[in-house]
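What follows is a short report on a single structure.
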Amino acid sequence: SRTSVTGADGRVLGAAYVGPAGAATGVVLRQGASQTLCDWLPWARDLSRATGARVLLFDRRGRGSSPGDASVTQEPADTAAAVARLRADGTARVALVGSSMGNAVVYAALPGIRPAPCAVVSVSPVLSATDGTGTVDSSQPAGLIANTWLTWESGTSGIVTEVDAVKKALADAGLPTPHELPVDTRDHSLGLVTRHPEVADFIRKAVASCA
């Protein structure tokens, strides 16, 4: 169902709910830079059917169903607003899933989300995002949680470096080793999820761990 998310500055962002109202667990997705929520709807449907979770997707500013100018620096606050929307609608436990540069946004948002998400899932992590408004730099992520899941394409050295940065930050914070699923491919982001069933299953297990 179509809905919206309102940012802290009043900007209304196009969004969609997939899954049952009143679900005990919710998921907020931050997709990659070139993607819209529509690209991820089939995945959200399958995830909801498998776990019973309610998934909230929204388009970043200036893309897809969200009008106006782009602003990557507003996206961490927009993500926190999406989590708040889910909780206001009755979903107490919320997992965050980031894909590609959506990870930069997820990790930047984490310190401001309280209570903390029940799980954080990183798909093909990219930890820095830039546009004309500035940069979101999560190369040294803070506010991390114990229940962290990482899956990535091991054939791309830059992505491996980003994964190592997240693992180092977790270790430096005294948190457990994350759940890990490297895949011997160069498929990235949504391609990693749709072309490798083990990745979709990994994300399902991460969301189910919130129960």
Side-chain angles (χ1 to χ4, degrees), residues 1-7 11-32 34-61 63-66 75-103 105-107 109-110 112-125 145 147-151 179 181 189-211:
S1 61
R2 280 288 185 179
T3 186
S4 63
V5 171
T6 302
R11 174 76 68 86
V12 177
L13 307 174
Y17 267 133
V18 178
T25 299
V27 177
V28 171
L29 170 75
R30 294 316 307 126
Q31 63 266 19
S34 64
Q35 299 161 352
T36 68
L37 67 85
C38 291
D39 297 319
W40 284 83
L41 283 174
W43 166 82
R45 177 202 61 208
D46 293 346
L47 178 68
S48 180
R49 288 176 177 172
T51 64
R54 194 176 200 199
V55 184
L56 179 56
L57 313 166
F58 70 94
D59 280 324
R60 61 178 33 92
R61 296 172 182 232
R63 187 158 189 86
S65 58
S66 294
E75 290 190 30
D78 292 341
T79 301
V83 172
R85 170 68 193 274
L86 258 175
R87 288 174 170 163
D89 287 346
T91 302
R93 300 188 298 268
V94 179
L96 289 179
V97 178
S99 184
S100 190
M101 68 146 279
N103 285 277
V105 172
V106 164
Y107 287 115
L110 275 179
I113 297 176
R114 292 292 179 270
C118 59
V120 171
V121 187
S122 287
V123 180
S124 301
I145 68 167
N147 193 26
T148 298
W149 300 63
L150 300 171
T151 182
H179 303 271
L181 179 63
S189 186
L190 185 57
L192 186 67
V193 176
T194 58
R195 296 175 194 144
H196 301 274
E198 68 273 28
V199 174
D201 187 58
F202 183 78
I203 300 171
R204 286 192 290 268
K205 290 177 180 176
V207 172
S209 74
C210 287

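All residue numbers refer to positions in the sequence shown, counting from 1.
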So do [Y] and [X] actually touch side chain to side chain, heavy atoms under 4.5 Å?
X	Y	result
Thr151	His196	no
Asn147	His179	yes
Pro115	Arg87	yes
Trp40	Leu190	yes
Leu56	Val5	yes
Leu110	Val120	yes
Leu57	Leu41	yes

Where the side chain of [X] meets the backbone of [Y], is there a donor-acceptor pair that is under 3.5 Å apart?
X	Y	answer
Arg54	Tyr17	no
Asp59	Leu37	yes
Arg60	Gly32	yes
Asp39	Thr36	yes
Asp89	Leu86	no
Arg2	Gly14	no
Arg93	Ala119	no
Ser124	Ser99	no
Ser48	Arg45	no

Using every non-hydrogen atom in the two residues, find where [X] and [Y] come nearest and quote the distance to one decimal.
X	Y	value
Ala53	Val207	CB-CG1, 3.9 Å
Pro125	Asn103	CA-ND2, 3.3 Å
Ile145	Ala116	CG2-CB, 3.9 Å
Ala15	Ser65	N-OG, 4.2 Å
Ala81	Thr6	CB-O, 3.5 Å

Distance check, rounded to the nearest 0.5 Å: Thr148 atom OG1 versus Leu96 atom CG?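 Those atoms lie 10.5 Å apart.
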Nearest-0.5 Å distance, CG of residue Asp46 to OG1 of residue Thr194: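 OG1 of Thr194 is found 11.0 Å from CG of Asp46.
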Evaluate the side chain to side chain contact (heavy atoms under 4.5 Å, CB included) criterion for residues Ser189 and Met101: first the C-alpha distance (whole Å), next the side-chain angles of each, then the deciding distance (0.1 Å), finally the verdict. CA-CA 9 Å; Ser189 186; Met101 68 146 279; over 6 Å; no
For a side chain to side chain contact (heavy atoms under 4.5 Å, CB included) with Glu75, tell me which candidate from Leu13, Val105, Val106 qualifies. Val105
Dump the intermediate steps for side chain to side chain contact (heavy atoms under 4.5 Å, CB included) on Val94 and Val28, then the final yes or no. CA-CA 7 Å; Val94 179; Val28 171; 4.1 Å; yes
Between Arg30 and Phe58, is NZ or CZ placed under 6.0 angstrom from the six-membered ring centre and within 45° of the ring axis? yes
Relative to each other, are the rings of Phe202 and Trp149 parallel, tilted or perpendicular (30° and 60° limits)? perpendicular
